[in-house]
Amino acid sequence: MSDSPQSYENHAKLVPMFHFVAFGLLLVAFLWFTYRMVTDFSVGRLMFVVLIVGVIIVTVVARLVALGVQDRVIRLEEQLRMARLLSPELQARIGEISTEHLIGLRFASDEELADLTARTLNGEFASRKEVKAAIKNWRADNQR
């Protein structure tokens, strides 16, 4: 991660080996084998295209499963943090907050958490993006 402080504008993480290299190689292979299949069809070339499509699907699903696990861990971490920091009235409503909103709230500082949680419970935010945009004092997540 760079030396600049994390913020709403720069918090997204790209993994170059995954997002660029792996998908780039799969895209090149898919385009090449599709071109070869179209210009000189054979069952063998069709099977290569089917194989590449299968590898792409497996890669995307593996990424989605990992993101799902990450979201569950974030949900648990935030529920524990909220149980420690929020007033009893807000603590009683932690279960009403969606995982989507909890993921946005993870970047809120401890000082802002109660206010943003109340605003979330009042339906002020439709998505995690809106929650993150409302944060004034960003709490960086550098352990991703």
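The analysis underlying the following values was restricted to heavy atoms, covering all of them including side chains, and did not include hydrogens, waters or symmetry mates.
Formation of a donor-acceptor pair under 3.5 Å by the E112 side chain with backbone atoms of N137 is found in this model. A donor-acceptor pair under 3.5 Å is absent between the side-chain atoms of D40 and the main chain of R36, judged by distance alone. Judged by distance alone, the side chain of E130 and the main-chain N or O of A126 form a donor-acceptor pair under 3.5 Å.
Here the CE atom belonging to M82 is positioned 4.0 Å from the CD1 atom belonging to I97, to the nearest 0.5 angstrom. Taken to the nearest 0.5 Å, the CG atom of L116 stands 11.5 Å off from the CD atom of E111. Note: R128 CZ to R106 CZ = 8.0 Å, rounded to the nearest 0.5 Å. To the nearest 0.5 Å, the span separating CD1 on I56 from CG on L27 amounts to 7.0 Å. Between L76 atom CG and L102 atom CG the span is 10.5 Å, to the nearest 0.5 Å. Atoms CG and CG, on L46 and L51 in that order, are 11.0 Å from each other to the nearest 0.5 Å.
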Considering only distance and modelled atom types, tabulate donor-acceptor pairs under 3.5 Å from the side chains of residues 84-92, sequence neighbours left out.
from : atom 1 : to  : atom 2 : distance (Å)
S87  : OG     : E89 : OE1    : 3.2
S87  : OG     : L90 : N      : 3.4
Q91  : NE2    : A83 : O      : 2.9
Q91  : NE2    : L86 : O      : 2.6

Stepwise side chain to side chain contact (heavy atoms under 4.5 Å, CB included) check, F33 with R45: CA-CA 7 Å; F33 287 121; R45 289 191 171 124; over 6 Å; no

Applying side chain to side chain contact (heavy atoms under 4.5 Å, CB included), run through R63 and H19 and close with a yes or a no. CA-CA 10 Å; R63 176 70 176 157; H19 290 101; 3.7 Å; yes

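Hydrophobic clustering (ILVMFWY, side-chain heavy atoms < 4.5 Å, transitive): M17 and L14 are in distinct clusters. Residues I103 and V69 are members of separate hydrophobic clusters, defined by side-chain heavy-atom contacts under 4.5 angstrom among Ile, Leu, Val, Met, Phe, Trp and Tyr. Residue F30 is grouped with residue V50 when hydrophobic side chains (ILVMFWY) are merged at heavy-atom distances under 4.5 angstrom, including chains of intermediate members. A single hydrophobic cluster is not seen to contain both V58 and L67; linkage of ILVMFWY side chains at heavy-atom distances under 4.5 Å, directly or through other members, places them apart. Placement of L25 and I57 in two distinct hydrophobic clusters is found when ILVMFWY residues are connected by side-chain heavy-atom separations under 4.5 Å, directly or transitively.
Partner of T117 under the side-chain contact (heavy atoms from CB on, under 4.5 Å) criterion, chosen from L113, D115, T120: L113.
A salt bridge is absent between K13 and D141; no separation between the charged side-chain nitrogens and carboxylate oxygens falls under 4.0 Å. The residues R75 and D71 are annotated as not salt-bridged, no charged nitrogen and carboxylate oxygen being separated by less than 4.0 angstrom.
S98 and E100 share no donor-acceptor pair across their side chains, judged by distance under 3.5 Å alone.
Between R81 and L105, the shortest heavy-atom distance links the atoms NH2-O, 3.1 Å. Taking both residues in full, the closest heavy atoms of I94 and Q79 are given as CG2-CG, 3.8 Å, listed atom of the first, atom of the second, then distance. Across every non-hydrogen atom of G104 and V131, the tightest pair is C-CG1, 3.6 Å. Contact between V55 and L26 at its shortest, heavy atoms only, is CG1-CD2, 3.5 Å.
Ring planes of F18 and F23: perpendicular class, angle over 60° (limits at 30 and 60°). Ring geometry, W138 versus H11: the interplanar angle falls from 30° to 60°, so the pair is classed tilted.
With sequence neighbours excluded, the residues satisfying salt bridge (charged side-chain N to carboxylate O under 4.0 Å, His left out) with R139 are E78.
Side chains of H101 and F125 form a contact here, defined as non-hydrogen atoms less than 4.5 Å apart.
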